[in-house]
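Just so you know, residue 1 is the first one in the sequence shown, and it goes up from there.
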Amino acid sequence: MTARIRANIRLAPDVCRILYVKNLPFKISDEDMFEIFGKFGPIRQIRKGDLPETRGTAFVVYDDIFDAKNACEYLNGYSVHGRYLACLYYHKERSQKKLENQKKMEEIQRLRMKYATTQNPNDKTPMGA
């Protein structure tokens, strides 16, 4: 697309240059990643998960937001080595909020263990009843 046409296109607020890709084959090579995602435009960076918790995931950073949008739309549900990819737009604020909530839940569990409480927070009955 030319710059003039792109200037007139409005994108959804959640569209960004960074894609979070899930359900990748564990043994996918870097060359395969660049071949699959590079069809949509220049890629600035690809980061694959290498820890046991992050295997099968990757972050793909495009130079242009429109290339990322096209890749996300086309590759979501695309089959790679028998696995269907899940492509999402990455948002730092959302992932930080999720991490903060996880830390809060861990702190609540720690306090429950310390004070030996087992009451469900949604249960409105008094502890001694």
Side-chain angles (χ1 to χ4, degrees):
M1 267 189 223
T2 65
R4 175 176 276 184
I5 294 172
R6 285 186 176 184
N8 294 332
I9 295 176
R10 298 193 113 190
L11 295 174
D14 64 333
V15 176
C16 68
R17 295 181 321 116
I18 305 171
L19 298 182
Y20 176 62
V21 184
K22 301 189 298 185
N23 204 31
L24 285 165
F26 292 159
K27 297 192 186 240
I28 192 167
S29 68
D30 294 338
E31 292 81 21
D32 288 343
M33 292 282 293
F34 276 97
E35 182 181 330
I36 292 168
F37 291 94
K39 293 177 184 176
F40 300 95
I43 296 173
R44 183 167 295 196
Q45 181 180 40
I46 294 180
R47 291 222 163 180
K48 291 190 323 186
D50 55 359
L51 298 174
E53 304 88 38
T54 60
R55 286 183 67 201
T57 64
F59 291 98
V60 181
V61 182
Y62 282 92
D63 284 336
D64 186 46
I65 194 168
F66 291 98
D67 296 336
K69 178 182 178 291
N70 290 335
C72 187
E73 289 174 355
Y74 181 77
L75 293 175
N76 194 29
Y78 184 77
S79 179
V80 178
H81 300 296
R83 299 185 75 156
Y84 295 100
L85 301 182
C87 295
L88 307 165
Y89 296 109
Y90 173 74
H91 293 285
K92 186 177 179 179
E93 302 83 30
R94 290 182 190 170
S95 62
Q96 284 179 342
K97 188 173 184 179
K98 185 177 180 180
L99 185 60
E100 289 172 7
N101 287 342
Q102 184 179 7
K103 286 181 181 179
K104 286 179 184 178
M105 290 304 294
E106 289 171 357
E107 179 66 13
I108 289 170
Q109 286 295 82
R110 188 185 65 77
L111 290 172
R112 282 186 181 157
M113 294 299 288
K114 181 178 178 180
Y115 296 107
T117 62
T118 57
Q119 183 180 12
N120 184 346
N122 297 327
D123 188 12
K124 303 297 182 198
T125 58
M127 287 285 286

(Q) Measuring only between side-chain heavy atoms, which start at C-beta, is Y89 closer than 4.5 Å to K69? (A) yes
Q | Salt-bridge present (R110, E107; N to O < 4.0 Å) | A | yes
Q. Okay, side chain of K48, backbone of L24: is any donor-acceptor separation there less than 3.5 Å?
A. no
Q. Where is the tightest heavy-atom contact between C87 and C72, given as atom of each residue plus distance?
A. O-SG, 3.5 Å
**Q.** N23 to R83 - nearest heavy-atom pair and separation
**A.** OD1-NH2, 2.6 Å
Q: Can you see which heavy atom on L88 is nearest to which on K22, and at what distance?
A: CD1-CE, 4.0 Å
**Q.** F26 side, atom CZ; D50 side, atom CG - distance, nearest 0.5 Å
**A.** 12.5 Å
Q: Quick one: closest heavy-atom pair of A71 and L19, and the distance?
A: CB-CD1, 3.9 Å
Q: Among V21, I36, L75, find the one that has a side chain to side chain contact (heavy atoms under 4.5 Å, CB included) with V60.
A: V21
**Q.** Where M33 and I46 come nearest, the two heavy atoms and their spacing
**A.** CE-CG2, 3.6 Å
Q: Look up atom CG in D63 and atom CD in Q45, then write down how far apart they are to the nearest 0.5 Å.
A: 11.0 Å
Q | Straight-line distance of I65 CD1 to I18 CD1, nearest 0.5 Å | A | 10.0 Å
Q.
Nearest 0.5 Å, please: how far is NZ in K39 from CG in D67?
A. 14.5 Å
Q.
Between F37 and Y84, is there shared hydrophobic-cluster membership here, with clusters defined by ILVMFWY side-chain heavy atoms closer than 4.5 Å?
A. no
Q | Nearest heavy atoms of R17 and Y62, plus distance in Å | A | NH1-O, 2.6 Å
Q: Give me the ring orientation class for Y74 and F40: parallel if the planes are under 30° apart, tilted from 30 to 60°, perpendicular past 60°.
A: tilted
